[in-house]
A.B. asks: 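One structure, as structure tokens, below. Some questions next.
Numbers restart at 1 for each chain; the letters A, B, ... are given by sequence-line order, proteins then strands.
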2 protein chains.
Amino acid sequence: MRNRPIPEATVARLPMYLRSLLDLAEGRGVMTVSSEELARLAGVNAAKVRKDLSYLGSYGTRGVGYDVEYLLYQITRELGLTQDWPTAMIGIGNLGRALASYKGFAERGFRITALFDADDNVIGEEVGGIIVRHIDELKEAVAEEGLCIGIISTPPSGAQEVAEKLVDAGIKSILNFAPSHVNVPPDVNVRRVDLSVELQILSFYQQRTKAIETAREANRRLENQQTDRR
Amino acid sequence: MRNRPIPEATVARLPMYLRSLLDLAEGRGVMTVSSEELARLAGVNAAKVRKDLSYLGSYGTRGVGYDVEYLLYQITRELGLTQDWPTAMIGIGNLGRALASYKGFAERGFRITALFDADDNVIGEEVGGIIVRHIDELKEAVAEEGLCIGIISTPPSGAQEVAEKLVDAGIKSILNFAPSHVNVPPDVNVRRVDLSVELQILSFYQQRTKAIETAREANRRLENQQTDRR
DNA sequence: TGCGGTTTGTGATTGCACTCACAAGCCCGT
DNA sequence: ACGGGCTTGTGAGTGCAATCACAAACCGCA
């Protein structure tokens, strides 16, 4: 099991286990955790937890559980979070500003160390302690400062162009907050976070349950009518 | 096909098609679109597009493609976006403020119509044209104003409590931006957006490709040594 | 040392989603 | 009216992920 490639689905869950483990570690005294409890905390089922963790290696002890600290370290290492990945953000509008000063990133070890924009009115401004530079300085900055990850927080119309500039600068990992699809070479990894897509999905299910309720109600009324007639 | 339940994976892609179609519709003159082109725009493959759309019904014309306007309407309707879903946001901190004034929501038909917080310093403040109220007024507001969706943008420690209050107030759809898992009854739909989880996943793959490169380089050096010896 | 209770690690099974490949069906030009 | 060229819609096949279920292994205690 240990040497097989880790399934994508598992990788996507590792951060959740990591968070749950951090919570446990903070509450002092918790030395070990069972797959059952970790599952409850992370909101998945226990078998999945065990299988996921088994891809990393046999880090548990039968009859006891997993050592919190040790597991914490292993997941951190596996996710590549033992080193830090200097991150650039491009597009310092409303959303970009909020993200740049979002504490959640820093807490989880991601330092946004460079900000870029194309708008001269924004360039030179200081956001979260960092000066915004012109996008044309991107390539040079990547080379000099070892930037590894790019965050796109421009409006959708500019996303593709920015993505190309990031690729050109040598960046292989991109997080795209703009609600549009960007095309990149196959060796570049893009992940998209679309804030309103999630709302739209909620809307779908909300509508469906409402439709079901309405149908039930109609049914009930119909049945009542029939009962009345008899 | 038409009457089968729509697979979750398909529902999750409908918003992407919707966006691509909107782009096409804006560029005037585009009347029809093939699955091939829609696939390119949305960044998926054509067979998937056709299968996805076939779940909604036979809205295409063989030899021609899909009528943009008609398809647009059908997807909008299917996603429940023909009506609007008044949305409440709880937790008006850094992130909450940015989200509350994020134009992307409004552009896609989601109006955030009520803001709540627990901090007296924030209550009464106006954010994006809306007065922040105390969380205790939530239940009443939901009943009176027909709020359907709740967005949690508190720190992780407060998320569970807020979720319970939303459930208690009768809300069935929750979007959770706090990086923590919340427990709710099975008839409530929670979706989580964790901004840093995506970065962690990128980190994993970035590390892996870096490891592979390093290994290749080591190999190359080894091979060179062997060649030298001969 | 041996036993009972507990929890992991993992083969086996099931189910879901993606992909392929092609028949069915449409349009247009002749 | 009809044939050629496209494009959809969908059964069939494939692969991945989730779940089940149980043997293996560990701890503590007598």
A.B. asks: For the pair made of CG in L53(B) and C1' in dT8(D), what is the distance, rounded to whole Å?
C.D. replies: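 About 10 Å, once rounded to whole Å.
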A.B. asks: When you get a sec, tell me which of dT7(D), dG9(C), dT8(C) is the closest nucleotide to the side chain of S34(B)?
C.D. replies: dT7(D)
A.B. asks: State which residues pass salt bridge (charged side-chain N to carboxylate O under 4.0 Å, His left out) with D84(A); sequence neighbours excluded, sorted by chain then number.
C.D. replies: R111(A)
A.B. asks: Starting at atom CG of L56(B), determine the distance to atom C1' of dT8(D), rounded to an integer number of angstrom.
C.D. replies: 14 Å
A.B. asks: Check whether any side-chain N or O of S35(B) sits under 4.0 Å from OP1 or OP2 of dT8(D), and answer yes or no.
C.D. replies: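 Yes.
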A.B. asks: Distances under 3.5 Å between protein N/O atoms and the N/O atoms of nucleotides 15-18 of chain C, please, pair by pair.
C.D. replies:
| residue | atom | partner | partner atom | Å |
| --- | --- | --- | --- | --- |
| dC18(C) | OP1 | R13(B) | NH1 | 2.8 |
| dC18(C) | OP2 | R13(B) | NH2 | 2.9 |

A.B. asks: Any donor-acceptor pair under 3.5 Å linking the side chain of R191(A) with the backbone of I201(B)?
C.D. replies: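 Looks like no, no N/O pair under 3.5 Å.
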A.B. asks: Closest to the R50(B) side chain: dT7(D), dG9(C), dC22(C)?
C.D. replies: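 My answer, after comparing the listed nucleotides, is dC22(C).
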A.B. asks: What is the distance, rounded to the nearest whole Å, between atom OH of Y70(B) and atom P of dT8(D)?
C.D. replies: 16 Å
A.B. asks: Expressed in angstrom and rounded to an integer, what is the separation of Q74(B) atom CD from dT8(D) atom P?
C.D. replies: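 Taking atom P of dT8(D) as the reference, CD of Q74(B) is at 17 Å.
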A.B. asks: Quick one: E36(A) CD to dT19(D) P, roughly how many Å, whole number?
C.D. replies: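 Going from E36(A) (CD) to dT19(D) (P), I get 13 Å.
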A.B. asks: Rounding to a whole Å, what distance do you find between D67(B):CG and dT8(D):C1'?
C.D. replies: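 D67(B) atom CG is separated from dT8(D) atom C1' by 15 Å.
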A.B. asks: Could I get a table of every N or O pair under 3.5 Å where one atom is in the protein and the other is in nucleotides 1-3 of chain D?
C.D. replies:
none

A.B. asks: Determine, for nucleotides 24-30 of chain D in 5'-to-3' order, which nucleotides have protein heavy atoms under 4.0 Å from the base (write B), from only the sugar-phosphate (write S), or from neither (write -).
C.D. replies: BBBS---
A.B. asks: List the residues meeting side-chain hydrogen bond (donor to acceptor under 3.5 Å, both in side chains) with R77(B), not counting sequence neighbours, and say none if there are none.
C.D. replies: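 If we apply the side-chain hydrogen bond (donor to acceptor under 3.5 Å, both in side chains) test to R77(B), skipping adjacent residues, the hits are Q74(B).
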A.B. asks: I'd like to know if the side chain of W85(A) and the backbone of G80(A) have a donor-acceptor N/O pair within less than 3.5 Å.
C.D. replies: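 Side chain of W85(A) to backbone of G80(A): a pair is present.
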A.B. asks: Not counting sequence neighbours, which residues clear side-chain hydrogen bond (donor to acceptor under 3.5 Å, both in side chains) with Y17(B)? List them please.
C.D. replies: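 With neighbours one apart ignored, the set is D52(B).
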A.B. asks: Roughly, in whole Å, what's the span from OH in Y17(B) to P in dT8(D)?
C.D. replies: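 Atom OH in Y17(B) sits about 13 Å away from atom P in dT8(D).
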